Amino acid sequence: MAEAQKELQKIRSKDDLYPFMSAKTDEIMKHLSDLLNNRQLILVTQARNYIKMNYSNCDLSIHEVSESLGISDPYLSSIFTEYTGESPLTFLNSYRIEIAKQLLAESKMIIKDIGFNTGFNTVQNFNRVFKRYTGMTPGEYRKMNQ
């Protein structure tokens, strides 16, 4: 603040004022942009954490995640994709599949139960999404990793 006051005292004409005001406006805009980016990053982190805490709920929706953060669905989708390179739904499915892979490799749980425990509401949906993300069925994955 003191530096800006010193700069202001050096201004002797309107011609000197414009470059000063332009530079200060740029500084303020940069600061506001940094604050917005920081807020967005915090929201994305909170969304990721919410998904990780609630992935096993087969009714988990992007609407629920955005509502928990107090923001709209489109805004969440936009900033989530911007910061992570994937949509919230893709992140949710990827996370569910990672947990399912661990359970398939490390437990004796029935495949159907793994699907339900990782948030898939039908065995068919679990098999379809698992194959899309891994290139194999849950049964094939288990055989390969046990």
Side-chain angles (χ1 to χ4, degrees), residues 1-8 11 16-146:
M1 187 66 122
E3 185 180 317
Q5 287 176 338
K6 287 179 187 177
E7 289 179 48
L8 269 172
I11 295 173
D16 295 336
L17 184 60
Y18 178 77
F20 171 79
M21 293 303 290
S22 179
K24 291 302 166 198
T25 301
D26 288 347
E27 287 176 26
I28 291 168
M29 294 305 290
K30 168 98 172 76
H31 180 69
L32 290 174
S33 177
D34 290 347
L35 288 175
L36 178 62
N37 288 337
N38 190 41
R39 167 112 171 96
Q40 289 174 339
L41 182 57
I42 290 168
L43 287 169
V44 169
T45 301
Q46 290 173 331
R48 288 170 56 100
N49 290 339
Y50 190 91
I51 290 169
K52 287 179 179 182
M53 296 293 293
N54 296 282
Y55 74 92
S56 62
N57 175 1
C58 67
D59 294 323
L60 181 62
S61 66
I62 301 313
H63 178 71
E64 181 182 331
V65 177
S66 62
E67 194 171 68
S68 77
L69 299 172
I71 60 177
S72 71
D73 300 1
Y75 183 62
L76 173 61
S77 291
S78 173
I79 63 172
F80 198 99
T81 303
E82 180 181 338
Y83 282 88
T84 67
E86 62 185 351
S87 72
L89 182 59
T90 300
F91 176 77
L92 170 60
N93 282 331
S94 294
Y95 190 74
R96 285 175 168 168
I97 296 304
E98 286 307 309
I99 300 298
K101 285 166 54 177
Q102 289 175 352
L103 292 171
L104 287 165
E106 299 169 5
S107 79
K108 300 283 185 203
M109 283 178 71
I110 298 169
I111 291 174
K112 173 179 77 168
D113 292 341
I114 291 174
F116 290 131
N117 286 333
T118 53
F120 293 95
N121 53 4
T122 67
V123 177
Q124 294 81 4
N125 189 35
F126 174 52
N127 288 334
R128 182 179 49 77
V129 174
F130 193 93
K131 187 163 186 159
R132 183 180 339 133
Y133 281 79
T134 65
M136 60 184 81
T137 67
E140 293 167 340
Y141 184 86
R142 174 170 267 171
K143 283 178 189 173
M144 229 175 71
N145 289 281
Q146 279 194 336

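Quick caveat, the model's predicted, so the values are computed rather than measured.
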Calculate, to the nearest 0.5 Å, the distance between atoms [atom1] and [atom2] belonging to [X] and [Y] respectively.
X: I111; Y: Y141; atom1: CD1; atom2: OH; answer: 12.0 Å
X: N38; Y: Q40; atom1: CG; atom2: CD; answer: 10.0 Å
X: L41; Y: E82; atom1: CG; atom2: CD; answer: 10.5 Å
X: N54; Y: D59; atom1: CG; atom2: CG; answer: 11.5 Å
X: L89; Y: T81; atom1: CG; atom2: OG1; answer: 10.5 Å

Check your understanding: With a 4.5 Å limit on heavy-atom distance, are the side chains of L43 and F80 in contact?
Key -> no
Check your understanding: Considering only heavy atoms from C-beta outward, does the side chain of F130 approach that of T137 to under 4.5 Å?
Key -> no
Practice item. Could you go through the side chain to side chain contact (heavy atoms under 4.5 Å, CB included) check for N127 and Q124 one step at a time? Key: CA-CA 5 Å; N127 288 334; Q124 294 81 4; 5.8 Å; no
Revision key, fill the gap. Heavy atoms of I114 and R142 approach each other most closely as CD1-NH2, 3.5 Å
Pair up each side-chain donor or acceptor in residues 60-70 with any protein partner under 3.5 Å, not counting sequence neighbours, and list the distances.
| unit_1 | atom_1 | unit_2 | atom_2 | d |
| --- | --- | --- | --- | --- |
| S61 | OG | H63 | N | 3.4 |
| S61 | OG | E64 | N | 3.0 |
| H63 | ND1 | D73 | OD1 | 3.2 |
| H63 | ND1 | D73 | OD2 | 3.3 |
| H63 | NE2 | E67 | OE2 | 3.4 |
| E64 | OE2 | Y50 | OH | 2.7 |
| S66 | OG | I62 | O | 3.2 |
| S66 | OG | H63 | O | 3.0 |
| S66 | OG | D73 | OD1 | 2.4 |
| S68 | OG | V65 | O | 2.7 |

Practice item. Could you please spell out the steps behind the side chain to side chain contact (heavy atoms under 4.5 Å, CB included) verdict for N93 and Y133? Key: CA-CA 9 Å; N93 282 331; Y133 281 79; 3.3 Å; yes
**Study point:** Listed once per pair and sorted, the side chain to side chain donor-acceptor pair (under 3.5 Å) pairs that draw on residues 98-119, sequence neighbours left out
**Key:** E98-K101
Exercise for review: Begin from the C-alpha positions of Q46 and I71 and carry the test side chain to side chain contact (heavy atoms under 4.5 Å, CB included) through to its verdict.
Suggested key: CA-CA 12 Å; Q46 290 173 331; I71 60 177; over 6 Å; no
Check your understanding: side chain to side chain donor-acceptor pair (under 3.5 Å) with S72: which residues, sequence neighbours excluded?
Key -> none
Check your understanding: Where the side chain of S94 meets the backbone of T90, is there a donor-acceptor pair that is under 3.5 Å apart?
Key -> yes
Check your understanding: Should the pair F120 and F126 be assigned to parallel (<30°), tilted (30 to 60°) or perpendicular (>60°) ring geometry?
Key -> tilted
**Study point:** Pair N145-L104, side chain to side chain contact (heavy atoms under 4.5 Å, CB included): steps then yes or no
**Key:** CA-CA 8 Å; N145 289 281; L104 287 165; over 6 Å; no
